[in-house]
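Everything on this sheet refers to the single structure shown next.
Source: prediction; values computed, not measured.
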Amino acid sequence: MQIGKVIGNVWATRKEEGLQGLKLLIVQPVDVHGKPVKTQFVAADRIGAGIGDDVLVTSGGSSRYIMLDNPIPIDAVIIGIIDSTEVERGEIDESSNRDD
């Protein structure tokens, strides 16, 4: 899974039959501090995410099976809308980096 921020929508009036009814969103992957990493991508959404939401995304083969009995042609799917995150910040021990 990866964390991302929804930055846009994709509208496609003509698309593969299995994609009918799925919203397509543009996601910017971010690190744990919210800084952009990697390239944006399109993810399918069935849970109601929108522009500005922080989301959890899964990608690869497992994303095709959001409908158990009917695999669909997608590479990424939004599986959660993030309410909050917590990252513990550790202190760097400068003395361990010395060449004494």
Side-chain angles (χ1 to χ4, degrees):
M1 287 185 284
Q2 62 186 325
I3 297 173
K5 180 175 278 301
V6 177
I7 61 170
N9 292 294
V10 175
W11 287 276
T13 54
R14 297 175 68 170
K15 54 190 169 190
E16 179 65 33
E17 185 176 313
L19 298 176
Q20 297 300 324
L22 282 177
K23 185 164 55 167
L24 302 175
L25 299 174
I26 301 169
V27 176
Q28 170 64 63
V30 297
D31 66 16
V32 295
H33 303 291
K35 304 246 189 278
V37 296
K38 301 182 186 177
T39 305
Q40 305 86 2
F41 59 88
V42 175
D45 173 58
R46 291 192 326 160
I47 61 173
I51 293 177
D53 283 339
D54 293 320
V55 294
L56 283 174
V57 179
T58 192
S59 58
S62 61
S63 62
R64 298 185 62 213
Y65 294 97
I66 59 174
M67 296 179 210
L68 295 177
D69 58 342
N70 186 23
I72 56 177
I74 59 174
D75 291 329
V77 62
I78 294 171
I79 58 170
I81 299 172
I82 298 172
D83 295 315
S84 66
T85 58
E86 180 178 347
V87 178
E88 186 174 325
R89 293 180 183 219
E91 294 196 25
I92 298 173
D93 182 2
E94 295 295 331
S95 64
S96 66
N97 294 330
R98 291 188 185 151
D99 293 330
D100 292 344

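By the 6.0 Å contact criterion, CD on Gln20 is enclosed, its count of non-hydrogen atoms from other residues, nucleotides or ligands being greater than 12. Under a cut-off of 6.0 angstrom, the local environment of NZ in Lys38 is sparse, with at most 12 non-hydrogen atoms contributed by other residues, nucleotides or ligands.
Looking at every heavy atom in both residues, Leu24 comes nearest to Ala44 through CD2-CA, 4.1 Å. Among all heavy-atom pairs drawn from Ser63 and Ala76, the shortest one is OG-N, 3.6 Å. Contact record, Ala43 with Ile78: CB-CG1, 4.0 Å, taken as the closest heavy-atom pair.
Between the side chain of Gln2 and the main chain of Asp31, no donor-acceptor pair closer than 3.5 Å is present. Of the possible polar contacts, none joining the Thr58 side chain to the Met1 backbone as a donor-acceptor pair under 3.5 Å is found. Judged purely by atom type and a 3.5 angstrom limit, Lys5 has no side-chain atom pairing as donor or acceptor with the backbone of Asp54. A donor-acceptor contact shorter than 3.5 Å is absent between the side chain of Lys23 and the backbone of Gly50.
Using a 4.5 Å heavy-atom threshold, the side chains of Leu25 and Val10 count as separate.
Both Phe41 and Ile81 are part of a single hydrophobic cluster, where members link through side-chain heavy atoms under 4.5 Å apart. Hydrophobic clustering places Ile7 together with Val42 (ILVMFWY residues linked when any side-chain heavy atoms are closer than 4.5 Å, directly or through intermediates).
Between atom CG of residue Asp53 and atom CG of residue Asp83 there is a gap of 9.5 Å, rounded to the nearest 0.5 Å. To the nearest 0.5 angstrom, Ile51 atom CD1 is 8.0 Å from Ile26 atom CD1. Here the straight-line distance linking atom CG of Leu22 with atom NZ of Lys15 works out to 7.0 Å at 0.5 Å rounding. Atom CD1 in Ile82 sits 4.0 Å away from atom CG in Leu56 (nearest 0.5 Å). With rounding to the nearest 0.5 angstrom, the CZ atom of Arg64 is 9.0 Å from the CD1 atom of Ile72. Rounding to the nearest 0.5 Å places OG of Ser59 at 9.5 Å from CD1 of Ile79.
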Report task. For the pair Thr85 and Val32, evaluate side-chain contact (heavy atoms from CB on, under 4.5 Å) and give the outcome as yes or no after the intermediate values. Result -> CA-CA 8 Å; Thr85 58; Val32 295; over 6 Å; no

